[in-house]
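Take a look at the structure set out below.
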Amino acid sequence: MASWTLKRTHTCGELRATHKDQTVTLNGWVENRRDHGGLCFIDLRDRYGRTQIVFSPQRSAELHAKASGLRPEWVVAVRGVVCPRPGGTVNPNLSTGEIEVEAREFEVLNEAKVLPFPLSDDAEVGEELRLRHRYLDLRRRSMQQNLVLRAKLVQVMREYFAKHNFVDIETPFLVRSTPGGARNYLVPSRLFAGSFFALPESPQLFKQLLMVAGYDRYVQIARCLRDEDLRADRQPEFTQLDVEMSFVQADDVMTMLEGCVAEIMERVLGRKIDLPFRRMPFAEALSLYGTDKPDLRFGMPLWDVADIAKSCSFKVFTDALAAGGAVKGIAATGAARYSRKEIDELSTFAQGFGAKGVAWLKVEEAGLTGSIAKFFQPAELAALRERMHAAPGDLLLFVADKPELVHQVLGALRNHLAGKLDLIKDGEFRFAWVVDFPMFEYSNEEKTIVARHHPFTSPKDEDLAILEEKPLEVRAKAYDLVLNGVELGGGSIRIHRHDLQRRIFKLLGIGDQEAKEKFSFLLEAFEFGAPPHGGIALGIDRFVMLLLGLDSIRDVIAFPKNQKAMDLMTGAPGTVTPRQWKELHIRPEEPPKAT
RNA sequence: GGGGGUGUAGCUCAAUUGGCUAGAGCAUCGGACUGUCGAUCCGAAGGUUGCGGGUUCGAGCCCCGUCACCCUCGCCA
């Protein structure tokens, strides 16, 4: 390609009527050509905007003829004169719509083949195709807006934490694999046959060690890697705002983060939000909303109706209660109009979450109706209606089972129905802290208790006494930040004393030997004057996704993986040569077919 | 590993009960056009209906298998 001469003096988004009569040069992509045979218009686009270029045969027949050969997405440089548009042709939808540039000279910097898909935002293109040609997808205005907003958010974060004396410190990418938590991505060591580095699922241990080292306030925008199955809001590599502070209580960390979130909401979205955020104990979140990440943009809480149901003659309810289970329900506002088919669909939905089925009653002016109504005395039906604050037109849905399952199913049903019933207003943001998490939970898989957060989380002081006797009742100094039913992040006050950390490891079945082998550096560090400390990590991709009202994290990540964790553009992961295996002392079970 | 959905022209979609020479809009190409801005008008080209097998006189449609992608449970944040 020959060198080019027409270097831009302005961007495609900045020319206004005040630039009248100036000779300017613009560089950009041809968005569109409107060729009238006589006059010919080109929309020239860059990420700042769009400017109309006009080619007139009177001005230069030669230039005009050349311009008619331009095609969409060619890269061109245009020199011309800024002219106010003639009366009646101003485009109010365009920031540069008052003017146009009358071309005097242009050069084609690069041509473009016909694109595999249109770049206009109203064109809904299959995601597979978009990912395969991500560089084109990222050329679309909506994707550029997403990434620019993300950059702004990160910038505000950095400024906020710098202002509050945080030190931005990078932690390693090649780390030691430690037990528990997410599956690690592994990197074989060349110099140590059979040994592997892990890519960090989070900088957790390093940020704690930085507290031991006295940095007091640490922040990092950190990439985290987890080799787990993907979802719309989960990628194998994602970005966290990672924060750790010394000499703090849980409230200090939460307050610091609230300040950051409020500043982001104001400076990125221009919205004031109220502080402090609501703080909801885990137990309350679970019993009212069936989840530890409640969506507070709508009501429709779970109602416990065990006391009413225990005297009814519906065996499903009474059997569940007799087995130590729960019977709870939700009142779906205005859903009594649902057909039998729609209700069956709700039941199928619930079965996807492990429910055996869903019992239902319709609230009518005259009373409650439905197949299970006959199992209840009139007084019991009235009590149900009162308990659930039900109004005529509501559909009451019940699940009876083990408490965890009842919560899970009704929690999912609640979110599902909110969407179906259109209970959620666009552009609403409801933040809340969920606090007082249980320290431990029982793992059916491992047949033992495991840390709910991670094994460095401190128990609440008042529960220390029952740590060994009733571990499942011990609450942690842990907190999750929840936004619109999505877990944005979480953190905790950490254990900073060697003796307590050993007690916790012991409870978790991490023996002295294993603890020493895997975490000796941490335990040892705690013996050299570790300050009380705690912190939080906040998922930036999710935050940006929610701020933009998007459904997928992939739309706020420049180069995401697909659901199988492949990069459709580059083809990663790809095969490597036998020579590379040999250097790394590894051999695939089945050698890949030659490509 | 399980459940669900989708797959038809470059893109987005349609095709009634199995009757079809598989259509439309946009894009592309050619032509016309001096104030458009999703320009307009005329015309053309464009398809192994993801792939393989089966049922049938006949399959885009039904059956079996398989592949790809998405949502989801488990898992994980």
Side-chain angles (χ1 to χ4, degrees), chain A residues 31-45 50-59 64 68 71-73 83 85-94 96-97 100 102 113-133 136 180-184 201-202 204 224-240 242 292-293 345 348-355 408-409 412 416 443-445 452-454 480-482 486-491 536-543 551-554 562-564 566 568:
Chain A
E31 176 140 308
N32 197 3
R33 189 180 93 252
R34 291 177 297 279
D35 192 340
H36 289 236
L39 281 179
C40 179
F41 301 98
I42 296 284
D43 288 334
L44 198 65
R45 182 201 71 231
R50 224 166 25 152
T51 300
Q52 176 165 285
I53 314 294
V54 59
F55 297 88
S56 142
Q58 270 112 36
R59 176 65 63 184
H64 174 264
S68 64
R71 290 293 178 270
E73 301 306 316
C83 304
R85 295 197 189 181
T89 65
V90 167
N91 185 347
N93 302 319
L94 208 59
T96 60
E100 61 196 1
E102 197 184 89
K113 292 203 297 186
V114 175
L115 266 43
F117 56 88
L119 300 188
S120 62
D121 279 332
D122 50 346
E124 283 195 27
V125 181
E127 192 173 21
E128 191 177 353
L129 197 62
R130 291 172 52 202
L131 290 178
R132 208 170 285 282
H133 305 276
L136 294 179
R183 183 182 300 115
N184 286 124
E201 62 183 88
S202 84
Q204 184 60 38
C224 303
L225 300 110
R226 302 181 182 178
D227 189 2
E228 298 288 353
D229 285 348
L230 276 57
R231 290 285 188 284
D233 62 352
R234 273 161 37 184
Q235 279 277 304
E237 44 183 319
F238 62 102
T239 307
Q240 283 193 339
D242 197 43
D292 60 358
K293 41 180 200 256
E345 277 167 13
T348 305
F349 176 85
Q351 281 164 19
F353 288 84
Q408 192 185 352
V409 172
H416 179 68
S443 162
N444 284 319
E445 198 175 319
R452 197 184 162 91
H453 191 51
H454 55 58
D480 274 5
L481 181 59
V482 174
V486 174
E487 183 190 332
L488 260 196
I536 191 167
L538 194 146
I540 288 180
D541 317 275
R542 282 186 183 177
F543 198 4
D551 296 321
S552 169
I553 206 180
R554 295 186 293 272
N562 75 354
Q563 206 189 26
K564 288 255 180 76
M566 275 193 328
L568 291 177

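Side chains included, hydrogens not; waters and symmetry mates left out as well; all remaining heavy atoms used. In what follows, chains are A, B, ... by sequence order, proteins preceding strands, each numbered from 1.
Within the nucleic acid shown, A:Arg554 comes within 4.0 Å of sugar-phosphate atoms alone, with no base atom in reach, counting heavy atoms only.
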Check nucleotides 43-51 of chain B against the protein and report each pair of N or O atoms closer than 3.5 Å, with its distance, or say if there are none.
none

Listing time: all N or O pairs from protein to nucleotides 27-31 of chain B that are below 3.5 Å?
residue, atom, partner, partner atom, Å
B:C29, OP1, A:Arg71, NE, 3.1

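In the region residues 118-127 of chain A, proximity to RNA chain B at under 4.0 angstrom, judged on heavy atoms, holds for A:Pro118, A:Glu124, A:Val125, A:Gly126, A:Glu127.
Proximity of A:Lys293 to A:Asp480: side-chain heavy atoms (C-beta onward) are nowhere separated by under 4.5 Å.
Across all strands shown, B:G47 forms no Watson-Crick or G-U wobble pair with both distances under 3.5 Å. Here B:A77 sits opposite no nucleotide as a Watson-Crick or G-U wobble pair (both hydrogen-bonding atom distances under 3.5 Å). Pair assignment for B:G7 gives B:C67, based on Watson-Crick or G-U wobble hydrogen-bonding distances that are each under 3.5 Å.
Here the C1' atom of nucleotide B:C11 and the CD atom of A:Glu73 are 14 Å apart, to the nearest Å. In this structure, NE2 of A:His36 is placed 8 Å from C1' of B:C37, rounded to the nearest angstrom. Regarding A:His416, its NE2 atom lies at a distance of 16 Å from the P atom of B:G4, rounded to whole Å. One interatomic measurement links the two molecules: CD1 of A:Ile53 to C1' of B:C37, which rounds to 13 Å at whole-angstrom precision.
In this structure, A:Phe41 packs face-to-face on the six-membered ring of B:U36, meeting both the 5.5 Å centre cutoff and the 30° plane limit.
For A:Glu128, the salt bridge (Lys or Arg N to Asp or Glu O under 4.0 Å) partners are A:Arg132, not counting sequence neighbours.
The backbone N or O of A:Gly97 lies less than 3.5 Å from a partner atom in the side chain of A:Arg85, making a donor-acceptor pair.
Of the listed nucleotides (B:A68, B:G35, B:C71), B:G35 has the atom at the smallest distance from the side chain of A:Arg85.
When the P atom is compared between B:G4 and B:G43, the two are found 48 Å apart, to the nearest whole Å.
The side chain to side chain donor-acceptor pair (under 3.5 Å) contacts involving residues 225-234 of chain A comprise nothing, where partners must be two or more places apart or lie in separate chains.
Counting atom types as modelled, A:Gln351 pairs no side-chain N or O with a base atom of B:G3 as donor and acceptor under 3.5 Å.
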Original post:
What is the per-nucleotide protein-contact pattern of nucleotides 72-77 of chain B, from the 5' end, where B denotes a base atom under 4.0 Å from a protein heavy atom, S denotes such proximity for sugar-phosphate atoms only, and - denotes neither?
Top reply: BBBBBB
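Ring orientation note: the planes of A:His416 and A:Phe349 are close to parallel, at an angle under 30° on the 30°/60° scale.
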